[in-house]
Enquirer: 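Just passing along the structure, written as structure tokens.
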Amino acid sequence: MHRQAEAIRAAITEMVGSGGTASAPADLDLEDDGATEGGLLERLHLRRERDRGIRERAVHAFRKRHGRIVCEACGFDFAATYGPRGEDYIECHHKVPLSQSGVTITRIRDFALLCSNCHRMIHRRRPWLSFDELVGLITAARHGG
């Protein structure tokens, strides 16, 4: 933003000083000056405990019921798209967030199996979408609504 302000000031100064019309300043949003990344940061934060075993059981139960692993919201199939690399890849979403439930006994039925995109859309902003709200958005979008 600072560079844009400087470019605007320079263009105005040039226009006033020359008594003519200055060309528009360059669109700095289109320039690719890069950004510094890759530095190391140390973070300290709390993380909710998860049981990886319940996730595996949920995926196994879904496969047994449906014959394949797909996103329960949009139907995306990682194995169909990525072959063996995508086999059994899916994210498990707690239908009731652990941040709301606190310590709880999680059952397979407490999960929705979601592709990465659908899972991210649920958690994109607060308040988070419920699984049913997400499915409603997808259904509406697919039917032009």
Side-chain angles (χ1 to χ4, degrees), residues 1-15 21-145:
M1 205 145 113
H2 178 73
R3 286 184 296 146
Q4 285 181 321
E6 285 178 343
I8 292 169
R9 281 188 201 100
I12 292 170
T13 302
E14 179 184 329
M15 181 175 60
T21 308
S23 60
D27 187 344
L28 297 179
D29 288 336
L30 299 179
E31 291 184 15
D32 189 9
D33 290 338
T36 302
E37 294 185 309
L40 296 176
L41 299 174
E42 182 177 350
R43 290 187 180 179
L44 178 63
H45 63 273
L46 297 175
R47 183 171 178 236
R48 298 252 177 221
E49 289 182 306
R50 310 262 195 240
D51 181 326
R52 186 148 177 83
I54 189 75
R55 182 237 180 250
E56 299 304 322
R57 292 195 307 274
V59 170
H60 176 75
F62 191 92
R63 177 184 296 293
K64 191 173 182 179
R65 224 175 19 255
H66 301 284
R68 62 191 185 119
I69 304 300
V70 298
C71 176
E72 291 185 69
C74 73
F76 185 80
D77 184 333
F78 282 94
T81 301
Y82 300 108
R85 184 180 192 97
E87 194 70 31
D88 289 339
Y89 182 82
I90 199 79
E91 296 184 10
C92 284
H93 169 71
H94 289 84
K95 292 177 183 173
V96 175
L98 292 177
S99 62
Q100 289 177 5
S101 70
V103 177
T104 187
I105 302 297
T106 302
R107 300 195 180 348
I108 290 171
R109 66 178 174 261
D110 298 329
F111 286 123
L113 272 57
L114 299 176
C115 70
S116 311
N117 285 342
C118 285
H119 201 188
R120 185 66 191 118
M121 285 297 107
I122 282 180
H123 293 287
R124 184 162 185 224
R125 64 175 65 107
R126 290 190 183 258
W128 292 339
L129 293 174
S130 70
F131 172 75
D132 292 334
E133 289 170 326
L134 176 70
V135 170
L137 287 176
I138 293 169
T139 301
R142 287 182 176 167
H143 293 99

Enquirer: For the atom pair CD1 (Ile138) and CE (Met121), what is the distance rounded to the nearest 0.5 Å?
Expert: 10.0 Å

Enquirer: Quick one: is the NZ or CZ of Arg126 closer than 6.0 Å to the six-membered ring centre of Trp128, and within 45° of its axis?
Expert: yes

Enquirer: Give, for atom CG of Leu134 and atom CD1 of Ile122, the distance between the pair rounded to the nearest 0.5 Å.
Expert: 4.5 Å

Enquirer: Does CG in Asn117 sit with more than 12 non-hydrogen atoms of other residues, nucleotides or ligands closer than 6.0 Å?
Expert: no

Enquirer: For atom NE2 of His60, is the number of surrounding heavy atoms from other residues, nucleotides or ligands below 6.0 Å larger than 12?
Expert: no

Enquirer: Are Asp110 and Ser101 packed together at the side-chain level, in the sense that at least one heavy-atom pair is separated by less than 4.5 angstrom?
Expert: no

Enquirer: For Arg55 and Cys92, work out which heavy atoms get closest and say how close.
Expert: CG-SG, 3.3 Å

Enquirer: Quick check: do Leu98 and Thr104 have side-chain heavy atoms less than 4.5 Å from each other?
Expert: yes

Enquirer: Specify the closest pair of heavy atoms between Asp77 and Ala79, including all atoms of both residues, with the distance to one decimal.
Expert: OD1-N, 2.9 Å

Enquirer: Would you mind telling me which of His93, His94, His119 makes a ring pair (Phe, Tyr, Trp, His ring centres under 6.0 Å) with Phe111?
Expert: His94

Enquirer: Between Glu91 and Leu114, is there a donor-acceptor pair closer than 3.5 Å when you use the side chain of the first and the backbone of the second?
Expert: no

Enquirer: Test of understanding: with ring-ring contact (aromatic ring centres under 6.0 Å, His included), list the residues that count as partners of Phe62, not counting sequence neighbours.
Expert: His66

Enquirer: Can you tell me how far the CD1 atom of Ile90 sits from the CD atom of Glu72, to the nearest 0.5 Å?
Expert: 8.0 Å

Enquirer: In Å, rounded to the nearest 0.5 Å, how long is the span from OG1 of Thr106 to CZ of Arg50?
Expert: 8.5 Å

Enquirer: If I compare all heavy atoms of Lys95 with all of Arg109, which pair ends up nearest, and what's the gap?
Expert: NZ-O, 3.4 Å

Enquirer: Determine, step by step, whether Cys74 and Arg142 satisfy the side chain to side chain contact (heavy atoms under 4.5 Å, CB included) criterion, reporting the C-alpha distance in whole Å, the side-chain angles of both residues, the deciding distance to 0.1 Å, and the verdict.
Expert: CA-CA 10 Å; Cys74 73; Arg142 287 182 176 167; 3.6 Å; yes

Enquirer: Kindly compute the distance separating CZ (Arg57) from CZ (Arg107), expressed to the nearest 0.5 Å.
Expert: 10.5 Å

Enquirer: Please tell me if the side chains of Ile69 and Phe78 come closer than 4.5 Å, counting only heavy atoms from C-beta onward.
Expert: no

Enquirer: Heavy-atom count around Arg85 CZ within 6.0 Å, excluding the residue itself: above 12?
Expert: no

